[in-house]
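Here the structure is laid out as structure tokens; the discussion comes afterwards.
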Amino acid sequence: MSSQVMTMVQALTNALDIKLAEDPDIVIYGEDVGVEGGVFRVTSGLQKKYGVERVFDSPLAESGIVGAAVGMCAVGLRPVVEIQFSGFAFPAFNQILAHVARMRNRSRGRYGAQMVIRMPYGGGIKALEHHSESMEALFGHIPGLKVVIPSTPYDAKGLLISAIETDDPVIFMEPKKVYRAIKQEVPETKFAIPIGKAKVVAEGSDITVISYGAEIREVQRAMIMAKEKGISVELIDLRSIYPIDRETIAASIKKTGRVLSVTEGPTSFGAGAELISIAVEEAFLSLEAPPTRLAGFDTVPPLPKGEHHYFHTPERIFYEIKKVVEYY
Amino acid sequence: MSSQVMTMVQALTNALDIKLAEDPDIVIYGEDVGVEGGVFRVTSGLQKKYGVERVFDSPLAESGIVGAAVGMCAVGLRPVVEIQFSGFAFPAFNQILAHVARMRNRSRGRYGAQMVIRMPYGGGIKALEHHSESMEALFGHIPGLKVVIPSTPYDAKGLLISAIETDDPVIFMEPKKVYRAIKQEVPETKFAIPIGKAKVVAEGSDITVISYGAEIREVQRAMIMAKEKGISVELIDLRSIYPIDRETIAASIKKTGRVLSVTEGPTSFGAGAELISIAVEEAFLSLEAPPTRLAGFDTVPPLPKGEHHYFHTPERIFYEIKKVVEYY
Amino acid sequence: MLFEEYDPRDDKMLQVMDNDGRIINPQWKPDIPDELVLEAYKFMNFARTVDLMAVSYQRQGRMYTYPPNLGQEAISTAIGKLMRPQDWLVPAFREMSAWLLKGARPRDIFLYFGGHEDGSKFSGAPNFLPSAVPIASQLQHAAGIGYAIKYKKQDSVVFAFSGDGSTSEGDFHEALNFAAVWKAPVIFTIQNNQYAISVPVKNQTASLNLAIKSLAYGIPGIKVDGNDFFAVYRASSEAVQHTRAGNGPVLIEAVTFRQGAHTTSDDPSLYRSQEEEKAWSEKDPIKRLRGYLDSMGLWNPGDDEPMLEEYKNEVEKEFAVYENYPDYKVEDVFQYHYKEMPEDLKHQQINYEKFLNWKEAQK
Amino acid sequence: MLFEEYDPRDDKMLQVMDNDGRIINPQWKPDIPDELVLEAYKFMNFARTVDLMAVSYQRQGRMYTYPPNLGQEAISTAIGKLMRPQDWLVPAFREMSAWLLKGARPRDIFLYFGGHEDGSKFSGAPNFLPSAVPIASQLQHAAGIGYAIKYKKQDSVVFAFSGDGSTSEGDFHEALNFAAVWKAPVIFTIQNNQYAISVPVKNQTASLNLAIKSLAYGIPGIKVDGNDFFAVYRASSEAVQHTRAGNGPVLIEAVTFRQGAHTTSDDPSLYRSQEEEKAWSEKDPIKRLRGYLDSMGLWNPGDDEPMLEEYKNEVEKEFAVYENYPDYKVEDVFQYHYKEMPEDLKHQQINYEKFLNWKEAQK
Ligand SMILES: Cc1ncc(C[n+]2csc(CCOP(=O)(O)OP(=O)(O)O)c2C)c(N)n1
Ligand SMILES: Cc1ncc(C[n+]2csc(CCOP(=O)(O)OP(=O)(O)O)c2C)c(N)n1
Ligand SMILES: [Mg+2]
Ligand SMILES: [Mg+2]
């Protein structure tokens, strides 16, 4: 099987290309995804290749983008829409919550919402306001959705293909900080990574760190520091925050007895809270220290000049790992 | 101080009346709040008393209702707007997240969003779709907001007065199931209950139950069953889910060693997860059983015929209390 | 031609018959056989029977909140009569005639407003979305369906409904704009029944009328008398022709009046006068069409009673089906949310069933 | 009268001077003194200097993403000149001239696009909201400000800006509708610069033009040449008159062209041709106004260079203030979110400071 070194952007384009080629029911649209190929170029070249009826620019209206996709699904299409930045998903929030997530149940299984809503998310790239948020917990709380977040080019391709193929609606959040930051060998042919299965990125014995998206790389850097201090970290990349892979989490915590979640969004009512709850629900008796969350502050991400205070540096992650490991 | 027996609806009307009378900067608007006095009659009589410029019907557009309030605040008004049902807050979600919650920070304190967004929430009243949700966790996750939920007529009045008087924006969620279900002596004059302070509704020694809104009454009923079995329950009414009263929660759990949260919204990424996390963060060493959440299923609330399966009955709450207490 | 003559900028309203059913505008009377008119008349009576009985069942506590259609039957009957099986119906919640003509049965309507999602399945009715509660949100779906129809080169038209209040929502705007840019075959019908719950249209918008909003999207718009079966039928047929010819969407404002309450929990006396109600009852759509039929010798006043009796019996039978509908099962809460149910959800169901067993065991 | 003569239904565009600055439509030339025109010319040059230098500082890596104004200066200069201190400015992000005229300093602009919230404080400038990033969302605030002004019986007007792309958002629709129903004193100016990033207006809407969208709200709308200082000035003055007389909002479509990139991270060559760019550079607003001044003997071509030199120096000084701005402090992340900071947030700050201390101690 031939493979190629790809960035995450390239891997995503490749996944879309493969699916467009094999399934005429797939259409791609959103702001600037046509001629320009998206502001991050994920859809680059696809309009040329598949025509303006399959890959096209929509008017500038997120509720319209998502709402129209609900209708398309009723007729049997499989739209893959792009929200330019996850910070602009909120004008579409009602359509997502009220229709995308509910159409299947409301129609008792008659109509589904077999769509993917792609959106670059997350910070640390010195961007304008509303271009750095990480609000995946909001989507995780809406019944009826799946929420997927890849951390590598390989996973991005495999997960996007699964997302397009599942008959359930998927919020597909792409860590823009990773978009071009890492390159990886990715098979050129089609492959799928199941949604809902976490990946044990590194095995370890002293502490379980649970994370996803762009934070994975920061944790890996922190792990180098930890290793120097003799701390052995088991790193879990969730890959999907709903459904969440309780089994993998439980097995790991039962082994290590300690757990830290590392996520970007605000702390309160955030993903870390869910992870702590799962730790407690699945492995209470194994816990040797309080399950701990390292999350963003309960603030908006500061503009670039203040960004270094908000987004987690490897030092910050290491510091929290150390605290959990040193507990008692 | 003279007082009167009031329903929660009456207590809310009374609070609005008092504030309208004393502060000319207060305006009230929303769908049907004028002539009709709101579908639940919370603003009943106020347009007549204060005029159509201060209490009025807006066009049917939630984003417009909330967005206009942001502008009004910049000029110094203190709008108290009504969203007809919390299930219809989502067209306004972007305005809430992007502006209401952020204007103060964005303008470095120059402009605030001293508004209250009132909304009836919660289920169990045999209503149409989108009329039974309990999605407070979504608001709790947005930095910049306060989220207040009263459970009694007395609290409703005192908390609404505080909400109107605070310079921070408040999402004020009113349990419609309680609206007319209980009556209580409420002082006629002005009083305020501070936002962010929980109330210990009942002291107990075996388990702490944390809840709010309409669930408080169901927990109280469950407590009768518990008492029969010799279980002593300490009940905390949060009253405000952001800011959350860690101190009261911590003190109680340190005493009882066991904790159950009872909330209506979906389980995953819900309020219960935050409460479990706080339990673990504040009282890990006191925990004799896993902190537990009883929440809604990860489904939309069923239509009336299926409602009894979704909303927590006293039996269901008792069952969970028993499980936590019997742990070990 | 019709759209030009009734340019919404002139605020004219297409009317074919007067309040007594006299044809006052023969030029625009649709060219349809008498049988069709007769059928429509009967059908409007049937729909009204379902509606009135729904209200009374609700009053008896045998159903939950229900939004009466009384007085608005001409609009969705005329459009429903134009709908072909391959056409799509994207409803709001107050166009029951169209639901029935699309293939819903009264039992579905009772089931839905009786609080069961199975009432939204409409098994026998193709291309029919469930009712959308959040105002105007369904119009976005209509635009998307329109796109998909074009994309798949299907010969279908989308009929989307909403009320005067819906025109204020952002989704109304986005939907019409998307459909227009895409030249999607969608006919947007606004039932302007004068009120959004208690709020009159004049507090909803300052525009000359609602049809004129079409100009913001570069599409034809027309204001019609929504209590005039012929006017609605004519405007809608022309709209269908326009859109099937590939010209994109049309906006129809159908002026009518909700004779009943907003829903069974509403009290209209709070916000409108008896005079207003009385004036509108003169324009009742069934009364007007009966006037026409009478004058044409197509109907005797005496035929109404047996017809209504028959309909009443039929509806009672349908209601019985609803009342004997199987109990809501635990699975019904869970099973339809996902095609592939997540583990967490499965466990929630299992845990809940454990509780039910425990509860059972307590007895 | 102006609004009637330039009814958007006829798709006429108000133009006072041609591409060379010759007055072709003296009837609508605003009656303003030469000094004001001269001031406006100079000011447009100043604003352009700030803009060009911002782009070049960004290229040097000394600032973050920045949205160039090049070619659009006439619009917000003309409107900015009309703004009184008590008037409100509700900006999008590409009307820098209005920002400066409202009292922002170049240092604020550098600070904001240099990534510091303090750049949105505009200490010296009353009644000026920070830039709103989510497209069209700010227009709702304008409607609310308009209501509050009326409520407080203040003599102010709200100037709200947005782009052609913004007209597709639901918030655009709701804002204009609210303002119209409330008869709020708001002037909505759409800078139609032909593109929303890469998307041309024709993919944004099928309407005849953008001004015609005013009909959906029952308010006046007018399409003006946005590169013609006189045309924008005239239309805006009439709009101000209209709205101050209590008649409610006005919609102005100002037709222009973004000569630069969407932002410094954009590459326009992907979506538009050099011919198009060239054609529009003929219509450059500064060039046109200079043509007028030249012909009136109010300006010598030789005066440009020293003026621009002076502006450059001034802007450099402002940039230096920005570059020497104090470091972003930990408190700056936290302190402005609430008037009364919640305990949780305080603890988050304290915990973070503990980490910083630990980190410091590691060294
Ligand atoms: C987004 C949203 N906001 C509020 C409501 C509550 N609500 C239900 S019907 C209605 C009025 C609708 O008026 P209109 O569109 O004129 O339709 P009508 O009821 O008159 O048929 C309102 C405000 C809702 N269903 N959805
Ligand atoms: C709600 C929202 N969606 C998407 C974006 C990303 N975005 C920033 S500017 C822009 C185009 C705006 O076009 P237009 O309104 O014409 O203004 P212009 O940039 O041309 O001045 C887009 C899509 C945004 N800022 N907000
Ligand atoms: Mg209506
Ligand atoms: Mg533009």
Side-chain angles (χ1 to χ4, degrees), chain B residues 30-41 44 52 56-65 67 84-85 87-88 90-92 94 125-131 225 266-268 294-310 312-313 315-316 318-320 322-323, chain C residues 64-65 67 93 111-120 130-137 163-172 196-200 203-205 262-263 265-267 270-272 325 327-330 332-334 336-337 342 344-345 348-349 352 354-356 358-359 362:
Chain B
E31 294 155 14
D32 304 288
V33 304
V35 175
E36 180 172 86
V39 292
F40 288 104
R41 308 288 184 264
S44 190
V52 75
F56 54 98
D57 293 329
S58 70
L60 206 178
E62 290 76 11
S63 183
I65 290 170
Q84 200 158 77
F85 287 86
F88 306 131
F90 304 110
N94 188 54
I125 57 149
K126 306 278 185 200
L128 293 168
E129 202 195 343
H130 296 288
H131 291 68
M225 303 180 201
T267 303
S268 291
L294 171 60
F297 309 126
D298 288 350
T299 70
V300 300
L303 292 186
K305 290 270 196 261
E307 198 170 275
H308 59 291
H309 286 309
Y310 187 95
H312 305 128
T313 56
E315 285 89 358
R316 183 81 204 282
F318 168 67
Y319 171 78
E320 296 293 334
K322 204 166 141 300
K323 278 206 304 193
Chain C
Y64 301 111
T65 317
F93 50 84
L111 206 48
Y112 179 66
F113 291 107
H116 201 308
E117 290 84 352
D118 283 3
S120 283
S131 176
V133 172
I135 300 294
S137 60
D164 43 297
S166 84
T167 64
S168 297
E169 287 280 5
D171 272 6
F172 171 86
I197 310 187
S198 71
V199 181
N203 290 353
Q204 206 65 250
T205 180
H262 169 71
T263 66
S265 7
D266 175 48
D267 172 10
L270 283 174
Y271 54 82
R272 64 187 196 192
Y325 199 77
D327 277 353
Y328 204 100
K329 293 186 296 294
V330 174
D332 292 338
V333 178
F334 291 91
Y336 298 108
H337 276 74
D344 263 27
L345 202 47
Q348 289 175 12
Q349 182 176 341
Y352 180 64
K354 277 191 200 150
F355 158 69
L356 290 179
W358 170 84
K359 196 175 142 192
Q362 297 306 99

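Letters A, B, ... mirror the listed sequences (proteins, then strands); counts begin at 1.
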Output the distance between atom [atom1] ([X]) and atom [atom2] ([Y]), rounded to the nearest 0.5 Å.
{"X": "C:F355", "Y": "B:E315", "atom1": "CZ", "atom2": "CD", "result": "6.0 Å"}
{"X": "C:I135", "Y": "B:Q84", "atom1": "CD1", "atom2": "CD", "result": "9.0 Å"}
{"X": "C:Y271", "Y": "B:D32", "atom1": "OH", "atom2": "CG", "result": "8.0 Å"}
{"X": "B:Y319", "Y": "C:Q362", "atom1": "OH", "atom2": "CD", "result": "10.0 Å"}

**Prompt:** Stepwise, does the side chain to side chain contact (heavy atoms under 4.5 Å, CB included) test hold for B:H131 with C:V133?
**Reply:** CA-CA 9 Å; B:H131 291 68; C:V133 172; 3.6 Å; yes
Sub-3.5 Å donor-acceptor pair from the side chain of [X] to the main-chain atoms of [Y], do we have one?
{"X": "C:H337", "Y": "B:V300", "result": "yes"}
{"X": "C:E117", "Y": "B:P302", "result": "no"}
{"X": "C:Q348", "Y": "B:D298", "result": "yes"}

**Fill in**
Those residues at least two apart in sequence (or on a different chain) that pass side-chain hydrogen bond (donor to acceptor under 3.5 Å, both in side chains) with C:N203 are none
Can you name the nearest heavy-atom pair linking [X] to [Y], along with the distance?
{"X": "B:P91", "Y": "C:E169", "answer": "CB-OE1, 4.4 Å"}
{"X": "B:P59", "Y": "C:S168", "answer": "CB-OG, 3.6 Å"}
{"X": "C:A196", "Y": "B:L60", "answer": "CB-CD1, 4.1 Å"}
{"X": "C:D266", "Y": "B:E36", "answer": "OD1-OE2, 3.2 Å"}
{"X": "B:L128", "Y": "C:T65", "answer": "CD2-O, 4.1 Å"}
{"X": "C:D344", "Y": "B:S268", "answer": "OD2-OG, 3.9 Å"}

Proximal component of [X], with respect to chain B [non-hydrogen, under 4.5 Å]:
{"X": "C:Y64", "result": "side chain"}
{"X": "C:Y336", "result": "neither"}
{"X": "C:D171", "result": "neither"}
{"X": "C:L345", "result": "side chain"}
{"X": "C:D332", "result": "neither"}

**Prompt:** Between B:E62, B:E31, B:R316, which shows the greatest number of heavy-atom pairs under 4.5 Å with chain C?
**Reply:** B:R316
Report which part of [X] has an atom under 4.5 Å of a heavy atom belonging to chain C: side chain, backbone, both, or neither.
{"X": "B:S63", "result": "neither"}
{"X": "B:T313", "result": "side chain"}
{"X": "B:H309", "result": "both"}
{"X": "B:F318", "result": "side chain"}

**Message:** Are more than 12 heavy atoms, taken from residues, nucleotides or ligands other than C:D327, located less than 6.0 Å from that residue's CG atom?
**Reply:** no
**Item:** Test ring-ring contact (aromatic ring centres under 6.0 Å, His included) applied to B:F297 - qualifying residues, sequence neighbours left out
**Value:** B:Y310, C:F334, C:Y352
**Request:** Please tell me if the side chains of C:W358 and B:K322 come closer than 4.5 Å, counting only heavy atoms from C-beta onward.
**Result:** yes
